[in-house]
Amino acid sequence: MDLLKADYVDKLGPLLSAEAAAEAPGAGVDAADLEQAVWVRLLESGGPTPDPAEPAEPARWLRRAVRAEARLARRRARREIPYGHGHGRGSADGSTTGGAAAAAEPEDALLHGEENRALRSAVARLPGRCPELMKALLSPRDLTYREIAGELGISQGSLGPVRSRCLGCLRRMLAAEVAAPGLRGKER
């Protein structure tokens, strides 16, 4: 670093701190990060530096550099998506994401597909009329109890108790598949 640029550090430090503190909240970055980016810009500038004899030029360059770095930070923030946001069930603010957003992340799509395969496999292993009833209840056609009863050939009044028994059986099957982990360490 030559003496000219070292002189800028001493003279323009307070102005840079004030400008960075003013621009940082709007850019969504820390003021210290903005200051550092401007100092790096000054050190990396290969072209002519502002004339130190005229005090207005270095200050004008510094203000323009702070605003330019703030614009770059805002653009970066719009393009970047931090890892961990929008993961399937809920985000940092507690809201849930929609189907399109959940399928956007590869991990979520994979986990969602595995959950669906495990559920379909368990439903297919249910005894008696349970597989047909569960498929009708989970149908994308959104059938009413009357339509389900007509398709399965059973009375509408018995759908509730049969559904309850089938769900209990399904719950027990899935609980057995997702058993609690065993004891770790020494057993006494």
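Residues take their numbers from the sequence shown, with the count starting at 1.
For the atom pair CD (Gln36) and CG (Leu34), the distance works out to 10.5 Å, reported to the nearest 0.5 Å. Remark: Leu62 CG to Glu35 CD distance equals 9.5 Å, nearest 0.5 Å. Taking CG of Leu170 as the reference point, atom CZ of Arg163 lies at 12.0 Å (rounded to 0.5 Å). One distance of note links CD of Glu147 with OG of Ser139; it measures 9.5 Å at 0.5 Å rounding.
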Using atom types as modelled, flag every donor-acceptor pair under 3.5 Å from a side chain in residues 117-138 to any protein atom, sequence neighbours excluded.
| unit_1 | atom_1 | unit_2 | atom_2 | d |
| --- | --- | --- | --- | --- |
| Ser121 | OG | Arg125 | NH1 | 2.8 |
| Arg125 | NH2 | Glu177 | OE2 | 2.1 |

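In terms of hydrophobic clustering, with Ile, Leu, Val, Met, Phe, Trp and Tyr side chains grouped at heavy-atom distances under 4.5 Å, Leu15 and Trp39 are assigned to a common cluster. One hydrophobic cluster, built from ILVMFWY side chains closer than 4.5 Å, holds both Leu167 and Tyr145.
When every heavy atom of Asp10 is checked against every heavy atom of Pro14, the shortest pair comes out as O-CD, 4.0 Å. Of all non-hydrogen atoms in Ala27 and Ala70, the two that sit nearest each other are CB-O, 3.7 Å.
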Inset, instruction - Tell me, with the steps shown, if Val29 and Glu23 meet side chain to side chain contact (heavy atoms under 4.5 Å, CB included). - result: CA-CA 9 Å; Val29 295; Glu23 290 287 333; over 6 Å; no
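Contact annotation: the side chain of Leu72 approaches that of Arg41 to within less than 4.5 Å [non-hydrogen atoms, C-beta and beyond].
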